[in-house]
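Values below: every heavy atom of this structure, side chains too, minus hydrogens, waters and symmetry copies.
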Amino acid sequence: MVFGVIVGNRGFFPDHLARSGRQEMISALNAQDIKPIVLGENDSKHGAVETRQEAARCANLLRNIATKSTALW
């Protein structure tokens, strides 16, 4: 199974919570044999969506996966 994940962060929340929460979600999904589709840590600050530009980047990632990788479904 494949699952799109959007990790969100606001500028006033501590960055370490976005980073650790992202890792916990990915680990939990992997433990259930679910492949998470999520921004990489280098695609935005800690792989979390904080700005409109990062939201657009995440939307493009999920859109591209959905249209190009129908074999995943």
Side-chain angles (χ1 to χ4, degrees):
M1 178 183 287
V2 178
F3 198 86
V5 179
I6 301 171
V7 179
N9 191 20
R10 301 284 300 260
F12 53 85
F13 290 132
D15 290 339
H16 73 276
L17 294 178
R19 182 176 46 247
S20 63
R22 178 183 179 279
Q23 289 299 339
E24 288 178 27
M25 286 187 283
I26 290 171
S27 294
L29 291 169
N30 284 331
Q32 297 298 316
D33 293 324
I34 298 171
K35 177 183 172 32
I37 305 300
V38 61
L39 283 179
E41 286 191 18
N42 296 323
D43 293 328
S44 66
K45 191 175 187 181
H46 306 300
V49 174
E50 190 171 322
T51 66
R52 283 182 73 102
Q53 183 179 18
E54 292 165 349
R57 194 175 300 139
C58 184
N60 287 334
L61 169 69
L62 296 175
R63 187 178 302 112
N64 288 337
I65 294 294
T67 58
K68 292 180 182 177
S69 300
T70 56
L72 291 174
W73 318 112

Rounded distance [0.5 Å steps], [atom1] in [X] versus [atom2] in [Y]:
X: M1; Y: K35; atom1: CE; atom2: NZ; answer: 14.0 Å
X: F3; Y: N30; atom1: CZ; atom2: CG; answer: 12.5 Å
X: I6; Y: I37; atom1: CD1; atom2: CD1; answer: 12.5 Å
X: S44; Y: R22; atom1: OG; atom2: CZ; answer: 7.5 Å

Checklist line | For A48 against G8, the heavy-atom pair lying closest together | finding: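 The pair with the smallest heavy-atom distance is CB-C, 4.5 Å.
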Margin query: If hydrophobic clusters are built from ILVMFWY residues whose side chains come within less than 4.5 Å, do V49 and F13 share one?
Written below: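 No, separate clusters.
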Item checked: Joint cluster assignment, M25 & L17, ILVMFWY side-chain distance < 4.5 Å ->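 Per the 4.5 Å side-chain linkage, M25 and L17 are not co-clustered.
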Checklist line | Working for salt bridge (Lys or Arg N to Asp or Glu O under 4.0 Å), residues R19 and E41 | finding: CA-CA 8 Å; R19 182 176 46 247; E41 286 191 18; over 6 Å; no
Checklist line | side chain to side chain contact (heavy atoms under 4.5 Å, CB included) assessment of V5 paired with L29 | finding: CA-CA 10 Å; V5 179; L29 291 169; 3.5 Å; yes
Check: Which is it for N9 and D15 under the side chain to side chain contact (heavy atoms under 4.5 Å, CB included) test, yes or no, and what are the steps along the way?
Finding: CA-CA 8 Å; N9 191 20; D15 290 339; 3.6 Å; yes
Next item on the list: Please determine, by modelled atom types, if R57 and N60 share a side-chain donor-acceptor pair under 3.5 angstrom.
Entry: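 Their side chains do not contain a donor-acceptor pair, so the 3.5 Å distance test is not met.
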Margin query: Is any side-chain heavy atom of V2 closer than 4.5 Å to one of I34?
Written below: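 When only atoms from C-beta onward are counted, V2 and I34 do not touch, as no gap falls below 4.5 Å.
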Check: side chain to side chain contact (heavy atoms under 4.5 Å, CB included) between L39 and V7: does it pass, once the steps are laid out?
Finding: CA-CA 8 Å; L39 283 179; V7 179; over 6 Å; no
